[in-house]
Amino acid sequence: MTPEMLIFIIIATITLGAAFMVVSSRNLVHVALWLIVTLFGVALLFTLLSAGFLAIAQVVIYIGAIAILLIFAIMLTRRTKEDVKSTFNSNWRWALFIGFLFFTGLLVILMNWSGIAAAPPELDSRANPVVEIGLALVNPNGYLLVFELASVLLLAALVGSIFVAWDRRK
Amino acid sequence: MIPLSWYLVFAAALFCVGLFGVLARKNAIAVLMGIELMLNAVNINLVAFWRYLGPQDITGQVFTIMVFAVAAAEVSVGLALFISLYRRRGTISADEIDLMKW
């Protein structure tokens, strides 16, 4: 048991516990706060995987933008008496069953896969991953097209969400 | 060093927790949060495979950034729909969103 493994176990336990609170807590504001804990745990796992840029992007984009957007939407659509009622729909037992089934299926597939014991290769200490990502994103033989498609998608989502949320009665 | 299987099992567990949230929650915004959990599980898988199977190739990280962009777009459009719906119907319970059934 190396210190890294211990750190992984602690982070994984906290993240999974927070994820369980996200799907089971009644108060929606608490749900959003637990979601932030989960996202932060995932960012820590990215650092353990030596993907530092992604960890920063996770904190900035997910926690800084998406989670705050979710909290705004929760507060705009909130009715406090809904906290008292059941938070699950009538099919939640089936949902639990499907979740367990899916998890066992994934475990069986993973255990039968031969690449599961792969050891991580050494990272090239001179390479700068941030520079590599930047160059790959603007390289026409790399991911330039995907990058442009993502920007068009974001613009379309921006215009679309303004149009959908517009109050036409005023 | 942490074995690759730990990351994969953790991501599978996170994905299934998110799946349960999507299928079982009543509130539409809580369903959206379940989708966020599932997308995060996928991101962990992508980064873990990048680190363990092909760190000379930056593909795994670039794909994760694309998932970030798609998740942001999905959340913004979804929340705009729910806010518009709340204005018209006064509810965002997934059980009561049945306008398309008319």
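Naming: A, B, ... by sequence-line order, numbering from 1 per chain.
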Part of [X] within contact of chain A (heavy atom distance under 4.5 Å):
X: B:Ala71; result: both
X: B:Met66; result: side chain
X: B:Val31; result: neither
X: B:Leu19; result: side chain

Residue among B:Ala80, B:Pro3, B:Ala94 with most heavy-atom pairs under 4.5 Å to chain A:
B:Ala80
Rounded to the nearest 0.5 Å, the CG atom of A:Leu69 sits from the OG atom of B:Ser76 at a distance of 7.0 Å
Can you check whether [X] reaches [Y] side chain to side chain, under 4.5 Å on heavy atoms?
X: A:Gln58; Y: B:Thr64; answer: no
X: A:Thr38; Y: B:Met33; answer: no
X: B:Val77; Y: A:Val164; answer: no
X: A:Leu76; Y: B:Phe82; answer: no

Backbone N/O of A:Ala165 and side chain of B:Arg87: donor-acceptor pair under 3.5 Å
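Yes; at least one donor-acceptor contact below 3.5 Å.
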Can you tell me which residue among B:Asn43, B:Leu14, B:Val47 is in a side-chain contact (heavy atoms from CB on, under 4.5 Å) with A:Val42?
B:Leu14
Assess the residue pair A:Phe100 and B:Phe20 against the criterion (ring-ring contact (aromatic ring centres under 6.0 Å, His included)); give the C-alpha distance rounded to whole Å, side-chain angles, the decisive distance to 0.1 Å, and a yes or no.
CA-CA 9 Å; A:Phe100 268 115; B:Phe20 171 73; 8.9 Å; no
Does the plane of the ring in A:Tyr62 sit parallel, tilted or perpendicular to the ring in B:Phe68? Use 30° and 60° as the thresholds.
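Taking B:Phe68 first and then A:Tyr62, their aromatic rings stand perpendicular (interplane angle over 60°).
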Contact summary for A:Val31 and B:Arg25, nearest pair of heavy atoms
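Scanning both residues completely, I find the closest heavy atoms to be CG2-NH2, 4.1 Å.
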Considering all heavy atoms, the nearest B:Ala30-A:Leu28 contact
CB-CD2, 4.1 Å
Looking at A:Trp94, I want to see if its CH2 is surrounded by more than 12 non-hydrogen atoms of other residues, nucleotides or ligands under 6.0 Å.
no
